[in-house]
Amino acid sequence: MILLTLALTAHILMESTAYDLQGPTKHGEPAGPGIVAVDPKIIPLGSRVRIEGMGEFLALDTGKLIKGFKIDIWMPTYEECMKWGRREVTVFIYAPISRGGDTFGRELDAKNGAVRSGDWKDSDADGAGPVGHNPAGVDDRSSLLESPIRSRTDKSHIRQSISPVERHPERGLPPSNRDPKGAGGTRDQVRSTAKAQGVGTYNRKCIEYSRGETFLYGLGRGHFAREARAVSGGLGECETGSKSDEVGGVWIVKKPQIYKYAELQEMQSWELDKKIEKAQEIIRETFKQGKKVALAFSGGKDSTYLWHLIRKTCPEEAKNMIVIFGNTGVEYQESLLFARQLGREWGGENFYETKLDRIKVPRLKYEAQKEVWAMIEERGDVARYLNKKGRLLSTDKLNEAVTPEMWEDFRKRKLVWEVGTQVSFWFIAEQYGFPILGKDATKLDAPRININVFLKYSTEESKGNEKYYSMLRKFPDMRISHSCCVFIKERPSEKLQKELKCDTLFRGLLASESRRRTFTFLDHGFLYNTADGYLYSNPLSIFNDEDIWAGIKQDNVPYAPLYDLEDNDGNKLFERNGCYVCGTGLAYEGNNIEILRKHYPNKWQALMKYGMANEIKTFACAISDDIKLNVLDCKWLLNMRPCAFDRLTPRKNLLEDLQYGTLLF
C-alpha cells in the first residue's frame with residue numbers, strides 16, 4: 001500500500017472564473033463537478049484545493065487563459081458561469097510533500113511582491129535561492145500560512161528588486177552576455193519570468209499586456225524608467241518597480257477594470273428603453289470623439305439594428321459615416337443579398353464592401369510542398385531554408401527548389417495556386433486548415449507545411465499548445481486552423497478601414513454572446529482606444545438577443561431573411577448569421593454543419609468533398625488516440641444516416657460511433 005501524504009502548502013488569493021466545457025481534462029478525467037482548471041506552475045495537477053465558501057475541488061484541468069494566479073471552476077451551464085463571473089477567492093492548496101525544487105514557492109513569493117529579474121531555475125541547490133526564500137532549500141512552507149497573498153491594493157509587501165549579481169555572485173556576467181539592453185538575466189530568463197506571471201513573452205519594447213494589468217520588463221538604465229513612466233501614465237499607477245539606475249527589475253502597472261460583473265448584470269436587467277438611452281449616449285459620445293467614423297457591418301441583426309439606432313440618434317452624422325461590409329466570400333446568399341440591398345438604401349456612396357487579397361507569386365499546394373520538402377531533406381539542404389530558430393523562412397521560399405520540370409508536373413496535377421488567386425476560404429483551408437476547433441484551441445496561424453517543419457526542426461518550446469502539437473505530430477497531415485477568420489474577415493476589413501482613413505469604428509458586439517466578449521466589456525467598457533490608435537465603440541454591449549429582436553420589432557427595422565428560415569418542426573434555423581463553412585460549433589446539436597447538410601445540400605457536399613469530412617474524421621481519431629481508424633473511407637461515412645459528421649459527441653468506442661453516425665469530441 002502506498003501512503004500519499006498531503007500537506008497544506010499555502011492559502012492564496014486568486015482570481016476565479018468558471019467554465020462549462022465538456023470532454024476530457026488535461027489530467028485525463030472527464031470534466032465535471034468538483035474539478036477546477038489551474039496553472040500547473042502555481043498549483044500542480046492532481047492537487048486537492050479548497051475554495052473558501054465553496055468546498056473542496058481537484059485541480060485536474062488547465063486552460064489557455066488560466067495563467068498565473070487564476071482558477072477556473074467547472075460549472076454545468078453557461079448561465080451559471082456567467083452568473084459567477086470573475087471574482088477573487090481564497091484558495092487553500094493541499095499537495096504531496098516533496099523535496100528539492102521549489103518552483104511553487106518562487107511563484108508564490110513573486111505574487112507576494114518580490115518580483116525579480118535574473119535566473120529562475122527549477123532547483124536552487126546552491127542555497128542562494130530567490131529573495132524571501134528558504135536559503136536551505138528545505139520544502140518548509142509553514143511561514144506562508146501566516147502570510148497569505150495580499151490584495152493588489154495593499155502595498156505594504158512591496159520590496160525592491162535585487163540584481164542577479166548581488167543574489168548569485170558566480171553568475172556575475174557582464175550585461176552584454178545577459179541581455180543586450182542591460183536588463184538582469186538573459187532574454188530567455190526574462191521571457192520565463194513573463195510566462196510565470198501569465199502575461200506573454202518578451203518583445204522589442206519589453207511591454208507586455210494582459211487582462212487587468214500591464215507588465216513592463218526591465219530595459220536597463222534610463223530606458224527602463226522612461227518607458228515605465230509612459231506606460232503608467234496612460235494606464236494607472238505603478239505598483240512595484242525599480243529605479244532607473246538599477247539593473248533589471250519589473251514594473252507592474254495596474255490597469256483597473258472598468259466594470260464589475262455585477263454591474264454588467266444590473267445593466268443587462270434594465271428595461272429596453274433604458275438600454276436604448278444608454279446606447280444613444282454612447283453613439284453621441286463616439287461622434288464627439290471620432291474624426292472619421294465607420295460602422296463594421298455584417299448583414300446580421302446586431303449590426304443592422306445598431307446602424308438603425310445610429311441613424312435615429314445622430315441622423316446628420318450618420319449621413320457621412322462610412323459603412324464597411326465584410327464580405328468573406330462564403331456568406332449565406334440570404335444574408336449577402338440583404339446586406340448589399342440595405343447598403344445601397346441606407347449607405348449610398350458611403351457603403352463599401354471588402355475584397356479578398358490575391359497572391360503575388362505562385363503557391364504550391366500542400367501535397368506539392370511536402371514533395372519539395374522531402375527532396376530538400378534528401379539532398380541535405382535543409383539549413384538553407386530555415387532561420388536560426390529552426391522555422392521555415394517562408395512558404396514561398398520553397399519555390400526556389402522547384403525545377404521547371406517540377407513546375408510543369410505540379411501544374412498538370414493541379415497542385416499550384418497561380419498568381420492572382422484570391423486568398424479565399426478555399427485557399428486558406430487547403431494551405432492552413434479547416435475551422436473545426438475554435439480560436440482558443442487553434443492559435444497557430446502558420447501554413448501546414450510550416451508547422452511540419454517547425455515540429456521537426458525547431459528547438460523552441462511549444463508552451464500552451466502541447467496537446468494540439470501532440471495531435472499534429474501523430475497525424476502529420478491533419479489540417480485544422482482558424483486562420484480563415486483572419487484572412488477573409490479581419491484583415492480585409494482592417495485594410496479597407498485604413499485605406500479610408502477611418503479612426504473610429506462602431507461594432508455591434510454583445511457582451512452576452514461569449515465569455516471573451518463579456519471580459520472585453522468588463523475590462524474596456526463601451527468606448528475605448530486600442531494600442532494601434534483606433535477608437536472602438538460598442539453601444540449594444542448590454543443588450544441580449546431578445547433586446548435586439550424587441551428593438552427591431554418596435555421600430556420595424558428590416559433584417560436578413562436568413563433569420564426567418566425554419567425546420568420542419570417550425571424551429572428557427574439561425575440565431576445569428578456567419579460563414580456557411582464554419583464548423584466550430586460541432587460539439588452542439590443544431591450546429592452549422594448539420595443545418596448545411598439538411599437545408600443547403602449542394603454547399604454541404606462541396607465542403608465535405610473539398611476536405612472538411614476528412615479533417616473531422618482525422619480529428620476524431622486524434623482525440624481518441626486511435627490512428628488506425630483514420631484509414632476509414634470518407635465516402636462510405638458520408639452516406640451513413642444518421643450522418644457521421646453532424647456532431648462531435650463524447651464517446652469511447654470510436655469505430656462504433658463512426659458506424660452509427662456520431663463522432664468523438
Side-chain angles (χ1 to χ4, degrees), residues 64 121-122 179-180 186-192 194-195 200-204 359 361-403 406-407 409-410 415-417 423 427-434 436-437 439-484 486-487 611 614-615 618-619 621-623 625 627 630:
K64 300 287 185 184
K121 60 178 184 176
D122 290 337
D179 187 325
T186 65
R187 286 181 184 238
D188 287 340
Q189 292 158 6
V190 175
R191 183 182 291 113
S192 67
K195 285 289 188 182
T201 58
Y202 187 99
N203 62 19
R204 289 182 180 179
I359 62 174
V361 297
R363 174 73 71 89
L364 298 174
K365 292 188 177 181
Y366 179 57
E367 291 303 319
Q369 290 169 345
K370 289 196 298 180
E371 291 182 28
V372 172
W373 186 253
M375 179 188 70
I376 291 172
E377 289 183 316
E378 186 176 348
R379 70 189 189 194
D381 199 19
V382 169
R384 177 183 171 188
Y385 298 89
L386 302 180
N387 65 16
K388 293 180 180 179
K389 295 182 178 180
R391 296 176 179 237
L392 188 63
L393 288 171
S394 75
T395 307
D396 295 328
K397 180 76 172 174
L398 296 177
N399 290 1
E400 296 179 5
V402 184
T403 65
M406 293 175 69
W407 277 115
D409 176 58
F410 288 147
L415 293 179
V416 178
W417 295 102
V423 183
F427 174 84
I428 297 301
E430 195 278 329
Q431 290 282 288
Y432 291 75
F434 291 81
I436 295 172
L437 292 173
K439 295 179 181 178
D440 287 340
T442 53
K443 291 186 176 179
L444 296 177
D445 59 359
R448 189 61 178 91
I449 188 66
N450 295 47
I451 295 175
N452 289 351
V453 174
F454 172 84
L455 293 176
K456 189 170 183 179
Y457 292 99
S458 180
T459 57
E460 292 181 289
E461 294 184 8
S462 56
K463 293 183 178 179
N465 281 307
E466 292 90 347
K467 189 172 183 179
Y468 185 47
Y469 277 122
S470 176
M471 289 192 299
L472 296 179
R473 285 189 176 96
K474 189 167 290 188
F475 295 82
D477 292 328
M478 184 173 73
R479 282 170 285 178
I480 295 179
S481 172
H482 218 287
S483 295
C484 52
V486 175
F487 286 97
N614 186 67
E615 299 310 327
T618 304
F619 175 60
C621 294
I623 290 294
D625 200 25
I627 192 169
N630 200 33

Quick check against the 3.5 Å criterion: does [X] have a side-chain atom that pairs as donor or acceptor with the backbone of [Y]?
X	Y	value
S458	R391	no
N399	P362	yes
E615	F434	no
R479	E430	yes

Only one of L386, V382, L393 forms a side-chain contact (heavy atoms from CB on, under 4.5 Å) with V453, so which one is it?
L386
Smallest separation among heavy atoms of [X] and [Y], with atom names:
X	Y	result
K365	Q431	CA-NE2, 3.6 Å
P447	T395	CG-OG1, 3.3 Å
N614	T618	O-OG1, 2.7 Å
G390	Y457	O-CB, 3.8 Å
F619	M478	CA-SD, 3.8 Å
K370	D477	NZ-OD1, 3.0 Å

Is the shortest heavy-atom distance from the side chain of [X] to the side chain of [Y] under 4.5 Å?
X	Y	value
V402	V372	yes
Q369	R448	no
L398	I376	yes
Y432	C484	no
K456	E377	yes

Between E371 and Y366, does a side-chain hydrogen bond (donor to acceptor under 3.5 Å, both in side chains) hold up when you go through it step by step?
CA-CA 9 Å; E371 291 182 28; Y366 179 57; over 6 Å; no
So, taking the atom named CZ in R473 and the one named CG in N452, what distance separates them when rounded to the nearest 0.5 Å?
11.0 Å
From L415 atom CG to L364 atom CG, the distance as rounded to the nearest 0.5 Å:
8.5 Å
F487 and F427 aromatic centres sub-6.0 Å
no
Derivation and outcome, side-chain contact (heavy atoms from CB on, under 4.5 Å), residues Y385 and L392
CA-CA 6 Å; Y385 298 89; L392 188 63; 4.1 Å; yes
